[in-house]
Amino acid sequence: MTDLDSRPATASAALAGTVAVLVSLVLGLAVVDPIPVLAGFVGGLCIAAGVWALRSDAHDRIAGGSVAIVIGAGVFCGTALLATDYWSLVMALGFPLAATLVVIDASSGLVPPTDVTDELTAMLDESFVVLVVGICVTIVCAVAAAVRLPWVLVRVVAGLSVHPLVGFVTLQAGVLLALLLLDKTTKTLESWIPEPTATTDRALGRLDWLGTGWWDIDRYVKAAVGLQSLVAFVPTAQGLFDSFLGSLPVLGSALRVALSGPLHLVLAAGLLPVLSILIVERFRQWLLQWLGDDPGQSLARQTGSIVVPVGLLLGALILTVAGVTRRVAPTYTGAGHYGSATVLLLGVLISVVVLRGLITLLSELVGAELLSRQVAGFAAGSGLLFVMTLLGAERGLAPILVLVGSAAALLIWDAGAHASSIGQQLGRDAETTDSEFVHVTGTAAVLIGAILLVLLVRYALIPVAVPATATGLSLSSVVALGLVLLAIAAFTLALNAHDGGPRTSSDRRSERTADDSD
């Protein structure tokens with residue numbers, strides 16, 4: 001944040017957010033089953049709280065915000081599974097999304113200035129990559145569980161048997177590979193130890209003595225191993241090698257057994273820690289590059305996309321090891337609970353992609369000057385609430401609620417625009433509570449008057465003027481007349497809005513002083 005906190009003024013912004021949440025919740029519960037609507041609001045408010053926490057310099061708050069956004073996105077996607085049909089899905093997601101956009105703009109601003117890093121966009125981009133990695137890991141675990149990979153590995157190791165000639169050649173190649181890897185491992189270990197002691201110097205020196213670079217190996221040795229690799233699988237060569245071992249009464253049998261697999265297991269056990277060190281070093285370099293110049297902040301932004309996959313993987317592992325067969329979620333026969341974890345992560349990823357697309361769309365509208373940056377969330381949220389109210393009217397929403405929803409959309413827009421104007425000019429903490437109260441009260445009075453006029457016309461004048469056809473005008477007349485009158489009210493508000501700009505308490509005191517001096 002800069003010295004002047006240009007977010008919307010607190011009082012009007014809080015009122016706009018409160019009205020958006022309450023009205024959207026009431027309208028949603030009036031047309032859809034309560035469970036999906038409540039789930040949608042829980043997910044939306046989690047996302048709004050997470051966005052507010054992201055706009056901070058404290059790493060713990062950023063991490064908490066990242067977790068809240070990822071969990072909220074998952075809950076939002078889970079709402080789709082609770083809806084019974086397409087229209088219920090639209091209602092269950094539309095009303096919470098409208099309230100969420102308003103609350104985000106009221107608390108932290110949905111679209112930040114172009115010269116400020118958008119933490120929400122960066123968090124969503126980085127979370128996408130981490131979630132994709134998490135999904136790939138869970139798919140691998142699901143496949144491993146489906147084929148019972150641990151038992152397969154045990155059977156492969158127990159039944160490992162190769163021809164003695166093939167084993168002899170592969171052991172030579174394995175030893176050369178170990179020498180090459182030791183050369184790289186020594187350099188990696190030296191970079192890990194900033195101040196080596198005498199003991200570590202001796203250990204690293206022995207490893208360096210064992211390790212050999214590719215060009216340090218004699219070319220005749222490399223040529224011999226390469227030639228043996230070409231002939232090792234030829235039946236004639238294998239037969240000659242069997243004859244050679246058969247000519248050794250005692251040693252031949254021992255060599256046949258040792259070259260058929262046991263020595264390979266010993267070599268693999270020695271190569272495994274060396275390979276692990278090199279893999280860890282590659283991962284460390286990639287991680288440093290991924291985290292950038294501020295690893296703490298980058299890691300805090302990715303906390304949610306790391307914690308959720310890890311938690312799901314651990315939960316799936318515990319349930320699988322415990323032998324839990326009850327279907328807490330679809331377990332996908334053979335894949336255990338890893339299949340369920342994969343589906344949940346896919347749902348979170350879809351929600352993250354949709355949220356990122358919505359932010360991109362609003363940013364493009366702001367960039368094209370079709371929408372003001374200061375009121376992007378208020379405009380999108382109030383507009384969506386208005387559209388959802390009209391769709392709710394088609395789903396049997398009571399006429400009075402249709403009028404309330406339309407009036408609330410106008411009130412949210414007006415209060416949000418007024419709060420944004422004050423925040424832009426005077427700052428979020430300016431003492432303008434009285435001015436905001438007068439403005440919002442005037443707007444609410446005009447809208448309430450419009451609603452009362454519509455109700456008066458509908459229930460008093462229409463039955464008297466056209467009693468025979470009143471039944472046919474029950475819904476359409478209310479919606480059409482209500483929209484006309486509310487449009488007139490909005491036009492009146494637009495003409496009188498922001499007259500002279502927002503005034504602080506000090507401005508009013510100055511005016512009173514000037515009047516007294518006159």
Side-chain angles (χ1 to χ4, degrees), residues 33 35-51 53-54 63-86 88-90 92-93 96-97 100 120 123-149 299 301-359:
D33 293 336
I35 294 179
V37 173
L38 293 175
F41 271 93
V42 170
L45 293 179
C46 282
I47 293 175
V51 175
L54 281 179
S66 174
V67 173
I69 290 176
V70 174
I71 292 177
V75 174
F76 231 117
C77 187
T79 304
L81 302 177
L82 302 175
T84 57
D85 54 30
Y86 173 75
S88 298
L89 174 62
V90 172
L93 294 180
L97 181 59
T100 300
L120 177 59
M123 178 263 166
L124 294 176
D125 291 340
E126 295 169 357
S127 296
F128 174 83
V129 178
V130 178
L131 287 173
V132 169
V133 174
I135 290 173
C136 293
V137 173
T138 55
I139 291 175
V140 171
C141 293
V143 173
V147 301
R148 301 177 66 85
L149 184 61
L299 188 61
R301 283 199 303 259
Q302 301 170 37
T303 301
S305 55
I306 295 174
V307 169
V308 171
V310 170
L312 290 175
L313 282 172
L314 290 178
L317 175 62
I318 293 172
L319 293 175
T320 303
V321 172
V324 177
T325 57
R326 181 181 177 184
R327 292 199 171 191
V328 180
T331 55
Y332 298 95
T333 305
H337 296 278
Y338 295 106
S340 304
T342 303
V343 173
L344 292 175
L345 285 178
L346 282 173
V348 174
L349 181 64
I350 292 173
S351 297
V352 168
V353 171
V354 172
L355 183 58
R356 180 66 176 89
L358 179 60
I359 298 300

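The first residue of the sequence shown is numbered 1, and numbering continues consecutively from there.
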query = Would you say Leu355 and Leu124 make side-chain contact, with heavy atoms under 4.5 Å?
reply = yes
Output for pair (Ile35 CD1, Thr79 OG1), nearest 0.5 Å, gives 11.0 Å
Exercise. Is the closest side-chain heavy-atom distance between Val70 and Val307 below 4.5 Å?
Worked result: no
Are any non-hydrogen side-chain atoms of Val348 and Leu344 less than 4.5 angstrom apart? no
Note to self: Can you confirm whether Leu120 sits close enough to Ile69 that some side-chain heavy atom of one is under 4.5 Å from a side-chain heavy atom of the other?
What the structure shows: yes
Taken to the nearest 0.5 Å, the spacing of Leu345 CG from Cys77 SG works out to 11.0 Å
Open item on the list: Looking at Thr303 and Ala63, would you say the former's side chain and the latter's main chain have a donor-acceptor pair under 3.5 Å?
Closed with: no
Is the closest side-chain heavy-atom distance between Leu313 and Tyr338 below 4.5 Å?
yes
When rounded to the nearest 0.5 Å, the distance separating CG of Leu38 from CG of Leu82 is 10.5 Å
For Ser305 and Val130, the nearest pair of non-hydrogen atoms, with its separation, is O-CG1, 3.3 Å
Rounding to 0.5 Å, atoms CD1 (Ile47) and CG (Leu97) come to a distance of 8.5 Å
Interatomic distance, CZ@Arg301 vs CG@Leu54, rounded to 0.5 Å, equals 8.5 Å
Between the OG1 atom in Thr100 and the CZ atom in Phe76, the distance rounded to the nearest 0.5 Å is 5.0 Å
Scanning both residues in full, the closest heavy-atom pair of Ala53 with Gly65 reads CB-CA, 3.6 Å
| request: Find out whether Pro309 and Leu131 are in side-chain contact, i.e. whether some heavy atom of one side chain is under 4.5 Å from a heavy atom of the other. | output: yes
Heavy-atom closest pair (Gly304 atom, Ser66 atom, distance to 0.1 Å) is N-OG, 2.8 Å
Residues Ser351 and Ala73: closest non-hydrogen pair is OG-O, 2.8 Å
